[in-house]
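See structure below.
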Amino acid sequence: MTMTAASVGPQRYQERYPARPEAATQARRDIALALETWGLPHLSFAAEQIVTELVANAVEHTDAATVGASITRTGEGSARIVVTDTSRTRPTPVVPPADAEHGRGLLLVEALANDWGSELVHGGKRMGAELRTDTKP
């Protein structure tokens, strides 16, 4: 993958991945590389966790053939992650039983992002998370 900065407008990276378990790992690497390229490595930890959870959820809980992931630099120290899939079902965070091995992904997204949410769009849904250096690590 080759990264170049946009000459006009916000810097943005986007990709579509086959909806397979390894998509989360690929998206995680790509998002981290984009942040490193833009000089925002301090956002990488949160961004990597968030994109991993959102892509993994799309792969596991939808019948989508592909999952989209993008990151857009929205300011000097901020970025927005977006994950898209073809499901029209909006996820909601739940508190799983203490001994459950799964089910905490959206709680993690909520804890790491400055803001997050979902919206229905033509052909599916979009999950988004905002990261800013001014208020979260």
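None of these values were measured; they are calculated from a predicted model.
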Residues which pass salt bridge (charged side-chain N to carboxylate O under 4.0 Å, His left out) with Glu48, listed by chain and number, not counting sequence neighbours: Arg28
Closest heavy-atom pair and its distance - Ala56, Ala24: N-CB, 4.1 Å
Please tell me if the side chains of Leu106 and Met127 come closer than 4.5 Å, counting only heavy atoms from C-beta onward. yes
Which residues pass the side-chain contact (heavy atoms from CB on, under 4.5 Å) test with Glu60, sequence neighbours left out? none
Thr74 side chain near Arg132 side chain, heavy-atom distance below 4.5 Å: no
Which pairs count as salt bridge (charged side-chain N to carboxylate O under 4.0 Å, His left out) when at least one residue sits in residues 18-27, sequence neighbours excluded? Arg20-Glu22
Results of side-chain hydrogen bond (donor to acceptor under 3.5 Å, both in side chains) for Ser118 - residues two or more places apart only: Arg90
Using the side chain to side chain contact (heavy atoms under 4.5 Å, CB included) definition, which of the options Val83, Val55, Asp30 pairs with Tyr17? Asp30
Salt bridge (charged side-chain N to carboxylate O under 4.0 Å, His left out) pairs, two or more places apart, involving residues 112-128: Asp85-Lys125, Glu119-Arg126
Could you grab the distance from atom CG of Leu43 to atom CG of Leu131, nearest 0.5 Å is fine? 5.5 Å
Scan Arg12, Gln14, Gln11, Arg80 and name whichever one has a side chain to side chain donor-acceptor pair (under 3.5 Å) with Thr72. Arg12
Shortest non-hydrogen pair, Leu40 vs Gly77, comes out as CD2-CA, 4.0 Å
Residue of the set Leu33, Ile31, Thr25 for which side chain to side chain contact (heavy atoms under 4.5 Å, CB included) holds with Arg29: Thr25
side-chain contact (heavy atoms from CB on, under 4.5 Å) partners of Thr86, counting only residues at least two apart: Asp63, Ala64
Point-to-point distance, once rounded to the nearest 0.5 Å, from CD of Gln49 to CG of Leu108: 6.0 Å
As a test of understanding, state which of Leu35, Ile71, Thr37 forms a side chain to side chain contact (heavy atoms under 4.5 Å, CB included) with Tyr13. Ile71
